[in-house]
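Each remark here refers to the structure printed beneath this line.
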Amino acid sequence: MAENLRNWVRKLDEITARGGTDGYAKVDLMPWCTYIAFDVIGALAFGVPFGMVEKGKDEFETQLPDGSVLLTKGAEILNRRGEVSSTLGWLPSLRPFARYLPDPCFSKGLASIQDLHGIAARAVSDRLAEMEKQEDNHLDILALLLKSKGPGGLPMQPDEITSEALTQLIAGSDTVSNTSCAIVYWILAGERDAPGTILPRLHQELDTAISSSAAIASYARVKSLPFLRRCVDEGMRLHSTSAIGLPRLVTAVSGVWFDEIHFPYGTVLSVPSYTVHHDAKIWGNDVGRFNPDRFLAKNLTSRQKMAFNPFSHGPRACVGQNVALMELSLIVATLFRRYDFVLEQKVLECTEGFSKKPVECWVRIKRRI
Ligand code: HEM
């Protein structure tokens, strides 16, 4: 993570160095959040970053068995996959003939699923080849998957490992890029709406915790910073990355009751976190305002604690939430410690696919330290 973050900051420094006479350079943060999130999950899941930060674009290289190099737009593929998966999730009756529908969203989305599978399968077969030559000394999720055993104590088969590695890639890339960009937006929007209430407090906390010579934040220094954590939580509440929630089937024969409504056996339900996170009955009349102090222990009601579900609750909640919180804290702390921002984006427009994605987030940025 540290190496990827350092690389990212080096690139952002290059952008700020091209600033105008006031020292500020204009940049859309969304692609840069994408590049860092993909590089980090690439390193975690497959042992190598995708190299998007270095290139400054949504592109990574896969070496094919014949030696040729395939250039792929990873983030775009993932978005297409997300759009088609969520549409077919909502309208499952379209599934059998989706590939024949005239809207390219379906054909391109389904092709993206194939492409993604190909990338993961390639990474797994490369790693298996390394293992055979006893050259494998990686410490990443793929290495752990390769050592893990399936039911009955048998090693997992390559196709199972491929889909597990792919799950990490899908679940841990777009989610982090969208959430980190949105948190930065909401911190800046909160300061814009109530000047002096957010940034001075965040700066003071970060300046005290992070050593003056450090270019990036370290997790040891920022993991327990209370105001930073409240900003991250409040940004996650307002943005609600997993906005529509994934489907759940009512399996109790007698159905379930919720809020005096009965849902019979076989009903498909979901908990749409955006709706819950924006319910004024739960959060109060300032529900749309960025107010990190609503997460102060003394202010948080038990209903709000239960309603706050960026990572879902229960046995199928996000397995990567600790990694996600680490990434978000490091990205946000590094950015606000090192740079000053002017928010150019009036509202954060988003598209809704598998996760809720900011379209763009324009800021002006200059070195602060
Ligand atoms: C801010 C970033 C993230 C958010 C908002 C998020 C959100 C979620 C949510 C809401 C779920 C539950 C989906 C459901 O209802 O079934 C989930 C599942 C999952 N997440 Fe995350 N996630 C994030 C980051 C990550 C990261 C970084 C990883 C991997 C390192 C990851 C791996 C997973 C996996 C593997 C699942 C499936 C768990 C299962 O079904 O057992 N997530 N995530």
Side-chain angles (χ1 to χ4, degrees), residues 1 4-5 30 33-47 49-50 74-75 78 81-82 85-86 89-90 116 120 123 139-145 148 156 160-187 219 228-229 231-251 268-277 306-333 350 352-358:
M1 175 87 202
N4 289 304
L5 206 55
M30 188 56 227
C33 290
T34 302
Y35 307 151
I36 181 69
F38 271 76
D39 274 8
V40 168
I41 198 69
L44 280 177
F46 300 127
F50 289 121
L78 218 83
R81 178 204 169 272
S85 303
S86 56
W90 283 103
L116 266 179
L139 190 63
D140 53 31
I141 295 176
L142 190 50
L144 296 172
L145 287 171
S148 64
M156 285 203 282
E160 286 176 279
I161 297 168
T162 301
S163 57
E164 290 290 343
L166 199 53
T167 305
Q168 303 299 328
L169 170 63
I170 293 166
S173 50
D174 224 17
T175 45
V176 172
S177 61
N178 298 343
T179 312
S180 55
C181 180
I183 293 171
V184 174
Y185 168 83
W186 279 108
I187 290 175
Y219 194 50
L228 172 68
R229 178 59 197 267
C231 287
V232 168
D233 284 350
E234 179 67 338
M236 288 200 289
R237 179 187 73 80
L238 280 162
H239 183 65
S240 310
T241 301
S242 176
I244 49 180
L246 294 190
R248 295 288 187 273
L249 193 68
V250 175
T251 51
V268 178
L269 296 173
S270 82
V271 179
S273 71
Y274 182 91
T275 315
V276 179
H277 287 167
M306 196 176 71
F308 182 57
N309 73 336
F311 298 110
S312 188
H313 293 303
R316 301 314 297 222
C318 179
V319 286
Q321 56 188 284
N322 291 332
V323 176
L325 283 170
M326 181 182 77
E327 288 188 59
L328 296 174
S329 310
L330 287 174
I331 289 173
V332 174
C350 297
E352 183 76 63
F354 196 68
S355 71
K356 189 163 150 255
K357 185 175 192 61

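Just the heavy atoms: all of them, side chains too, but no hydrogens, waters or symmetry mates, feed the values below. Numbering of ligands and ligand atoms starts at 1, following listing order. If you're wondering where the values come from, they're calculated on a predicted model, not measured in any experiment.
Interatomic distance, Ser177 OG to Glu327 CD, rounded to the nearest 0.5 Å: 10.0 Å. Note that SG of Cys231 and CG of Leu328 are 12.5 Å apart. Values are rounded to the nearest 0.5 Å.
Salt-bridge formation is detected for the pair Arg229/Asp233: a Lys NZ or Arg NE/NH1/NH2 atom is positioned less than 4.0 Å from an Asp or Glu carboxylate oxygen.
Between Glu234 and Trp186 there is no side-chain heavy-atom pair separated by less than 4.5 Å. Between Lys357 and Glu352 the shortest side-chain heavy-atom distance does not fall below 4.5 Å. Under the 4.5 Å side-chain criterion, counting only non-hydrogen atoms from C-beta, Ser173 is not in contact with Gln168. Contact of the Phe46 side chain with the Leu169 side chain is registered, since non-hydrogen atoms from C-beta on lie closer than 4.5 Å.
Shown are the protein N/O/S atoms under 2.8 Å from atom 21 (Fe) of ligand 1, given by residue and atom: Cys318 SG.
Among protein heavy atoms, the minimum distance from atom 7 (C) of ligand 1 is reached at Pro310 O, 3.6 Å. The shortest contact between atom 13 (C) of ligand 1 and any protein heavy atom is with Leu246 CD1, 3.5 Å. Ranking the protein heavy atoms by distance from atom 39 (C) of ligand 1 puts Arg316 NH2, 3.4 Å first. In this structure, the protein non-hydrogen atom closest to atom 14 (C) of ligand 1 is Arg248 NH2, 3.2 Å. For atom 38 (C) of ligand 1, the closest non-hydrogen atom of the protein is Ala317 O, 3.9 Å. Protein heavy atom nearest atom 29 (C) of ligand 1, with residue, atom name and distance: Gln168 OE1, 3.4 Å.
Using modelled atom types, no side-chain atom of Lys356 and backbone atom of Cys350 make a donor-acceptor pair closer than 3.5 Å.
Tested against Ser355, the residues Thr241, Asn178, Thr175 include a single side-chain hydrogen bond (donor to acceptor under 3.5 Å, both in side chains) partner, Asn178.
Using a 4.0 Å cut-off between heavy atoms, Ile41 contacts ligand 1 through its side chain alone, with no backbone atom that close.
Remark: ligand 1 atoms within the under-4.0 Å shell around heavy atoms of Thr179 are 1 (C).
For CG of Leu249, the number of neighbouring non-hydrogen atoms (other residues, nucleotides, ligands) closer than 6.0 Å is greater than 12.
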